[in-house]
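Here's the structure, in structure tokens; my notes come after.
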Amino acid sequence: DTGVSQDPRHKITKRGQNVTFRCDPISEHNRLYWYRQTLGQGPEFLTYFQNEAQLEKSRLLSDRFSAERPKGSFSTLEIQRTEQGDSAMYLCASSSGPFGTDTQYFGPGTRLTVL
Amino acid sequence: KNEVEQSPQNLTAQEGEFITINCSYSVGISALHWLQQHPGGGIVSLFMLSSGKKKHGRLIATINIQEKHSSLHITASHPRDSAVYICAVRPLETSGSRLTFGEGTQLTVNP
């Protein structure tokens, strides 16, 4: 068990460019979450997968954002036509077990800076 | 108004002091989590509570479901406890197990 990993750890891009982040959850975890955290704030929910199915999306997830988990293992989060307001830490978490009382394990995050 | 409110936002203590961080929430929940975030972003789960009290080392977490309030206590604080402490709840009305977070409390413990 190597924990949740995210790649890259840091990404600097110019406004208007597309970026893609990857999350590798703990191998036996069937649930995967994406959160976004801006400076000085707590994380905010973006989207959630149960195996390969995307079951919930926040209204924060505009049509420029898309997430996939094609084989129920790793997940990708893509942001198209990045804007300066997208600058944030993007956190991935995974869990398994009974709904409502499972512990989420967080990755180290990908820090995005849009210039 | 946020569904999860933490106080204080910032807290500075001297080594050895007893520390309390408070969390109030406004929705029905299935569980409440206390999380620790160090500089650089990594988040570690400290406690998950649905009732009562839990203790781990120098950390104690309590929850009062009727009052919708939780506290995190640190006894004999140490500079290595310096971090952001985040309260997060799992609302009953949401599907899945997603968390709603407070804004965090920045704790600095000086030697």
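A, B, ... follow the sequence lines: proteins, then strands. Residue 1 opens every chain.
- Options A:Gln41, A:Arg111, A:Met89 differ in how many heavy-atom pairs under 4.5 Å they form with chain B, and the most are formed by A:Gln41.
- Proximity to chain A involves both the backbone and the side chain of B:Ile43, based on heavy atoms less than 4.5 angstrom apart.
- Using a 4.5 Å cut-off between heavy atoms, A:Gln50 does not touch chain B at all.
- Using a 4.5 Å heavy-atom cutoff, the side chains of A:Leu32 and A:Cys23 are in contact.
- In terms of non-hydrogen atom pairs under 4.5 Å with chain B, the most contact-rich of A:Gly42, A:Pro108, A:Gly40 is A:Gly42.
- Taking both residues in full, the closest heavy atoms of B:His69 and B:Tyr25 are given as N-CE2, 3.6 Å, listed atom of the first, atom of the second, then distance.
- Here the options are A:Phe74, A:Phe49, A:Trp34, the test is side-chain contact (heavy atoms from CB on, under 4.5 Å), and the partner is A:Arg69; only A:Phe49 passes.
- With a threshold of 4.5 angstrom between heavy atoms, B:Gln37 approaches chain A through side-chain atoms but not through N, CA, C or O.
- With a threshold of 4.5 angstrom between heavy atoms, B:Ser45 approaches chain A through side-chain atoms but not through N, CA, C or O.
- For A:Pro43, the parts lying under 4.5 angstrom from a heavy atom of chain B are both the backbone and the side chain.
- Within the 4.5 angstrom heavy-atom criterion, no atom of A:Gln6 approaches chain B.
- Aromatic rings of A:His29 and A:Tyr105 (six-membered ring for Trp) have centroids within the 6.0 Å cut-off, being under it.
- You'll find the side chain of A:Ile12 reaches within 4.5 Å of the side chain of A:Leu115, heavy atoms only.
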